[in-house]
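The structure under discussion appears below in the form of structure tokens.
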Amino acid sequence: RSLATAVMAATIGITQFDIKKVYAYSTVSQLGYMFLALGVGAFSAGIWHVVTHAFFKALLFLGAGSVIHALHHEQDMRNMGGLRTKIPITFAVLACAWIAISGVPFTSGWYSKEAILGAVHHHSPLMYWIGVATAAVTAFYVSRSMFMTFFGEYRGHAHPHESPPVMWVPLAVLAVLSL
């Protein structure tokens, strides 16, 4: 059931346009991963993923808040784009969360997912491959949100501005912890 939760929530995350909803479904998917670890007896891997996930997911949600603040409460990614030059600090810190949750090698997300998937492989190679595919879907929907938000042409109507230090300094701390 936990693997089904991870797969279903990741699939739903692909279809969302509200930046907060993408990250909310991502949270459910990652919880599926954590319980998958518990289900195969990899308790330390599950707890480790809870900790790493706490850092990069907090960064994603707070970073989404910084984007929404910059765009005067806009949450629809279809009205974003091209923001990496307009809010470069927010982009840089969210890029750290992006690579961590995507499981880029030598990031916290890679180590914790690797521990889970290794334990799952010993239990069931089929579940392992489904877990790997789900990790790929995770990388896809987070990449989709980053590309829709920060790359291409700006499609919105607000005048984007970087968040003040009181918002981005905690993001920078979370970025370091995410990696």
Show every donor-acceptor pair shorter than 3.5 Å between a side-chain atom in residues 58-68 and any protein atom, with sequence neighbours excluded, or say none if there are none.
| unit_1 | atom_1 | unit_2 | atom_2 | d |
| --- | --- | --- | --- | --- |
| Ser66 | OG | Thr90 | OG1 | 2.8 |
| Ser66 | OG | Ser163 | OG | 2.6 |

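- Linking ILVMFWY side-chain heavy atoms closer than 4.5 Å, directly or via other members, places Val22 and Val28 in two distinct hydrophobic clusters.
- Of all the heavy atoms in His49 and Ser112, the pair that sits closest is ND1-OG, 2.7 Å.
- By the 4.5 Å heavy-atom criterion applied to side chains, His69 and Pro164 are counted as neighbours.
- Separating the CZ atom in Phe17 from the CE atom in Met80 is a distance of 12.5 Å, to the nearest 0.5 Å.
- Ring geometry for Phe56 against His53 counts as perpendicular: the plane angle is over 60°, on a 0 to 90° scale with 30° as the lower cut.
- For the pair Leu71 and Leu83, the minimum side-chain heavy-atom distance is below 4.5 Å.
- Note that the OH atom of Tyr25 and the CG atom of Asp18 stand 10.5 Å from one another [nearest 0.5 Å].
- Of all heavy-atom pairs between Ser29 and Ala6, the closest is OG-O, 2.9 Å.
- Between the side chain of Lys57 and the backbone N or O of Ile101 there is no donor-acceptor pair closer than 3.5 Å.
- Partners of Asp76 under the salt bridge (Lys or Arg N to Asp or Glu O under 4.0 Å) rule, at least two apart in sequence or in another chain, are Arg78.
- Both Tyr33 and Trp129 are assigned to one and the same hydrophobic cluster, defined by single-linkage of ILVMFWY side chains at heavy-atom distances under 4.5 Å.
- Side-chain atoms of Ser178 come within 3.5 Å of backbone N or O of Leu174 as a donor-acceptor pair.
- Residue Met34 is found in a hydrophobic cluster whose other members, listed by chain and number, are Leu31, Val50; membership requires side-chain heavy atoms under 4.5 Å apart, directly or through intermediates.
- Cluster membership for Met167 and Val169, using ILVMFWY side-chain heavy atoms within less than 4.5 angstrom, is not shared.
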Criterion side-chain contact (heavy atoms from CB on, under 4.5 Å) on Val40 and Tyr128, from CA distance to verdict: CA-CA 11 Å; Val40 298; Tyr128 166 81; over 6 Å; no
Evaluation steps, side-chain contact (heavy atoms from CB on, under 4.5 Å), between Lys21 and Met77: CA-CA 11 Å; Lys21 285 185 180 180; Met77 295 183 302; over 6 Å; no
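- By the 30° and 60° cut-offs, the orientation of the rings of Tyr111 relative to Trp48 is parallel.
- Side-chain heavy-atom separations under 4.5 angstrom define the hydrophobic clusters, and the remaining members of the one that includes Leu179 are Ile99, Val104.
- Looking at Arg84, its side chain never comes within 3.5 Å of a backbone N or O of Ala92 through a donor-acceptor pair.
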Return a table of donor-acceptor pairs under 3.5 angstrom between the side chains of residues 135-147 and protein atoms on other chains or two or more places apart.
| unit_1 | atom_1 | unit_2 | atom_2 | d |
| --- | --- | --- | --- | --- |
| Thr138 | OG1 | Thr134 | O | 3.1 |
| Tyr141 | OH | Ser26 | OG | 3.0 |
| Ser143 | OG | Trp98 | NE1 | 2.9 |
| Ser143 | OG | Ala139 | O | 2.7 |
| Arg144 | NE | Ile14 | O | 3.4 |
| Arg144 | NH1 | Ile14 | O | 3.2 |
| Arg144 | NH1 | Gln16 | O | 2.6 |
| Arg144 | NH2 | Gln16 | O | 2.9 |
| Ser145 | OG | Tyr23 | OH | 3.1 |
| Ser145 | OG | Val142 | O | 2.8 |

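- Side-chain atoms of Glu74 do not come within 3.5 Å of backbone N or O of Ala158 as any donor-acceptor pair.
- Residues passing the ring-ring contact (aromatic ring centres under 6.0 Å, His included) test with Phe91, sequence neighbours excluded: Phe150, Phe151.
- Side-chain atoms of Ile116 and Lys113, non-hydrogen and from C-beta on, never get closer than 4.5 Å to each other.
- Residues Val51 and Leu117 fall into different hydrophobic clusters, defined by Ile, Leu, Val, Met, Phe, Trp and Tyr side chains chained together at heavy-atom separations under 4.5 Å.
- Listed here is the closest heavy atom pair of Asn79 and Tyr154: O-CE1, 3.9 Å.
- Tracing side-chain contacts under 4.5 Å through hydrophobic residues (I, L, V, M, F, W, Y), one reaches Val132 starting from Met127; they form part of the same cluster.
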